[in-house]
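Written out below as structure tokens is the structure these notes cover.
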Amino acid sequence: LKLPPVDIVVVGAGAAGGIVAEQLALGGLRVVLLERGRWQKFSETGHDELRSQRTTVLGNAFGPDDEHYVRLAQGADGSFQKVLPSEGSYNNIAACVGGGTFSYGAMAWRYMERDFRMRSVYGAPEGSTLEDWPLSYQDLEPFYTKAEWEVGVSGKAGANPFESPRQKPYPMPPLPFNREAGMLAEAARRIGWHSFPIPMAINSVPYQERPACIACPHCVGFACEVNAKNSTAVTAIPRAIATKQCELRTRCVASRIVMDSASKASGVEYFQADKLFEQPCRAVVVSCSATETPRLLFNSATKLFPRGLGNNNDWVGRNLQGHAYSGAFGLFEEELFDGLGPAARVACCDFSHGLPNGLKGGGMIANEFIRLPYLFSRMAAPQVPRWGIEHKRFVRKNYKRSAGVMGPVQEMPVFESRVELAPELKDYWGIPSLRSSGHRHLHDIEVGKFIAAKCEDWLKEAGAVSTWKSVAGRGVSGGQHQAGTCRMGADPKTSVVDRYCRIHDLDNVYVVDGSVHVNNGGFNPSLTIQAIAYWASAGMVSELTRG
Amino acid sequence: MSKFIGVNRREFLVLAVPLYAAGPLQTFSRDEARLVEALCDQVIPADDAPGAKQAGVLYYIDRQLAGPLQRFRSAYQDGLSKLRNACLSRTGRDFTDLPFAEQTQFLKDVEAGRVEQLDTFFRLVIDHTMEGFYGSPAHGGNRNEVSWDMLGIRDVMEGHPH
């Protein structure tokens, strides 16, 4: 069924798509925002640890569901196995209005100036496609500020001496420290590190007519029971709809971008309740995440783009990356646990860059969100038996006496780490599915070891009597920080989109999500994804309203 | 209001809740259930705090195998019968008839890969037992929030809807 035309179709109502839809609607364009998931309410999912976005053993509370989606993932022996969305190697990202931001932990980091020119600073290690971005931190800075004020970020400007210059403070003061963060901050001071409160897209005071955080112990992986977590589902998307220029259509699964000439898209085809629709438009924005965005481009292949839109040089789906999370855990004699969320409250950027021994990049390190009982039971110290009375005693004794410090270690992009179409494998609607393959760069593991050792030092200084490290393995990365698969670049031969997120060689198809990241920083990526969404939207509005 | 053995309907329902929650089984036969319960109780035994049995972990697994975990149903069918047979041939007794310490020893052998092809299955049982014991009571395990009580976090967890 062919629908009446609009100006823009945005596919994916997540971290980026919600913002693009809002900005284009405010710019006077008529927008249809397609989302494969639906609106979700806190009351539907509550605080069920086994069905959260953190622990998905009984399924993904926020989608995608195991009944409609499937992928293949490459095992250690090189063979491909079927994986469901609730299984780790699927590299799931939530499918609901707000996308990942509806249930994320909401750390709201700016990448650092050097993160945008990693190749110039460090040179690419052998086997990595590390490159400089075609835009700089300075280009993006006003859009980081816009994101912090429009999405709503609490934090303390100037508290992190390693942060790149900012033109405005945060709109809200930081959330208070819990007991553990206070101890770690003291310890950091004693060893000469520079700790500071983590910037969070969580209200510390009432903001934009929504309340302040109530410090519940769940937070990451859950919807917020008071809407103090600033997902696009409670910020940009309602504002987009309020313009009356944007229509959000939920449970709409995009299957193809329709091309009407060699370089011009004319619409988007999608399934809603098993019926196929075509929404004609003047431009298409793909904001489906670093795995689903390449899938839509692959599935939109034409005679002129036989391997998928924007993929004549085989860069779509390449350089899949996330973070090589590494860190340490420690046990303390006294109880640290005070049950106050979001618990992840203190960070240091002393090891984000400038590591010794020629190591490139690094990662911020921060204390962990509260580990709920099931997750904690799976993270016993290595010398503790995996089951039986000793395991139970360990959990019982240490649940309130443990702390974890981890860092999202910046990964070196690897061309062979990728998603591509899986031959013969289709989802519920008959749309070809993905398979993922590849591996982390060995360099990431070296940085991971360094970061884990620093995390261990921090815990010891804070008084941990027993510690152990956790270093990322070599399996292909992605997960909820997935990025890199439609790289932004000046050279169409070695990138997919230009600095304004438009696909090279196409007039009117844009990619706006973590896919465009050249590298993924040593930070949680959502604020950068959103800053780029504001940046790209500004470009699109001026381009598309020119007449 | 209708009466049943001198109890009105509302009182009857309240009284009947634990009985209803304890059964009927949806997936396991009675024999399988006995074995699963014994395995779970090895994974999380009772001490002065309840173990997997009191927490109703069996009912968690039984219910989930008829729902989100149904893809593991055949692994349980195979695994339980292999485990029963391996135990019989090694010890001459049914696993559920062994004294607790001998059950533990048998499972240590399983874990170490000394009992053929059962370590993967036992890992699955460990996973599911941890889920059922420490997860939300809404899924049939962690009855009366026994694990949250043990950890001293019942107040924190109950302060927020589940």
Side-chain angles (χ1 to χ4, degrees), chain A residues 42-52 55-61 65-67 82-84 86-87 214-219 222-226 335 337-341 370-380 385-393 395-401, chain B residues 39-52 60 63-64 67-72 100-101 103-105 107-108 110-111 119 122-123 125-142 145 147-162:
Chain A
F42 168 78
S43 57
E44 295 172 70
T45 47
H47 287 139
D48 178 355
E49 190 194 351
L50 302 180
R51 256 181 73 79
S52 65
T55 305
T56 56
V57 292
L58 296 185
N60 295 330
D65 63 84
D66 288 352
E67 287 71 41
K82 261 188 198 178
V83 286
L84 299 173
S86 65
E87 297 177 295
I214 56 167
C216 92
H218 302 88
C219 205
F222 300 95
C224 179
E225 66 182 281
V226 297
E335 290 191 357
F337 183 92
D338 55 13
L340 297 179
I370 288 180
R371 277 163 292 150
L372 291 168
Y374 166 69
L375 195 60
F376 187 84
S377 78
R378 311 324 308 272
M379 299 174 79
R386 304 289 96 183
W387 57 280
I389 194 69
E390 283 180 65
H391 179 272
K392 183 187 183 189
R393 286 186 189 131
V395 173
R396 187 178 184 179
K397 179 177 173 204
N398 294 305
Y399 185 72
K400 292 185 167 181
R401 292 182 174 83
Chain B
L39 291 170
C40 296
D41 220 40
Q42 280 290 329
V43 174
I44 305 177
D47 44 15
D48 62 318
Y60 166 81
R63 206 209 284 185
Q64 302 318 315
L69 299 181
Q70 52 182 301
R71 63 187 182 279
F72 298 114
F100 192 86
Q103 289 183 344
T104 307
Q105 191 49 54
L107 290 176
K108 281 186 176 166
V110 166
E111 185 185 32
D119 48 333
F122 184 46
R123 275 203 299 277
V125 175
I126 295 173
D127 288 345
H128 293 164
T129 304
M130 297 296 170
E131 295 166 13
F133 188 77
Y134 291 108
S136 166
H139 301 295
N142 196 7
E145 304 177 3
S147 69
W148 298 348
D149 240 0
M150 176 182 91
L151 301 177
I153 55 168
R154 183 194 279 263
D155 53 340
V156 173
M157 299 297 274
E158 281 185 349
H160 303 279
H162 282 274

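All values derive from a computational prediction rather than experimental measurement.
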Where does [X] contact chain B at under 4.5 Å (heavy atoms): side chain, backbone, both or neither?
X        : value
A/Leu340 : neither
A/Phe337 : side chain
A/Ile389 : both
A/Leu375 : neither

Heavy-atom distance under 4.5 Å to chain A: side chain of [X], backbone, both or neither?
X        : result
B/Leu69  : side chain
B/Thr104 : both
B/Gln64  : side chain
B/Arg71  : side chain
B/His128 : neither
B/Ala49  : both
B/Tyr60  : side chain
B/Asp155 : neither

Kindly check if the number of other-residue, nucleotide or ligand heavy atoms within 6.0 Å of CD (A/Glu390) is above 12? no

How about A/Lys400: does its NZ atom have over 12 heavy atoms from other parts shown lying under 6.0 Å from it? yes

Answer key: most heavy-atom pairs under 4.5 Å with chain B among A/Ser377, A/Gly59, A/Gly339 is A/Ser377

Shortest non-hydrogen separation from [X] to [Y] and the atoms involved:
X        : Y        : result
A/His47  : A/Cys216 : NE2-SG, 4.0 Å
B/Thr129 : B/Val125 : OG1-O, 2.6 Å
A/Ser86  : A/Asp66  : OG-OD2, 2.8 Å
B/Ser147 : B/Phe133 : OG-O, 2.8 Å
B/Ile126 : A/Arg386 : CG2-O, 3.8 Å

Does A/Val395 reach the side chain of A/Phe376, with side-chain heavy atoms less than 4.5 Å apart? yes

Among the listed options B/Asn142, B/Asp127, B/Asp41, the residue most often paired with chain A at heavy-atom distances under 4.5 Å: B/Asp127

Any idea how B/Phe122 and A/Trp387 line up, ring-wise: parallel (<30°), tilted (30 to 60°), or perpendicular (>60°)? perpendicular

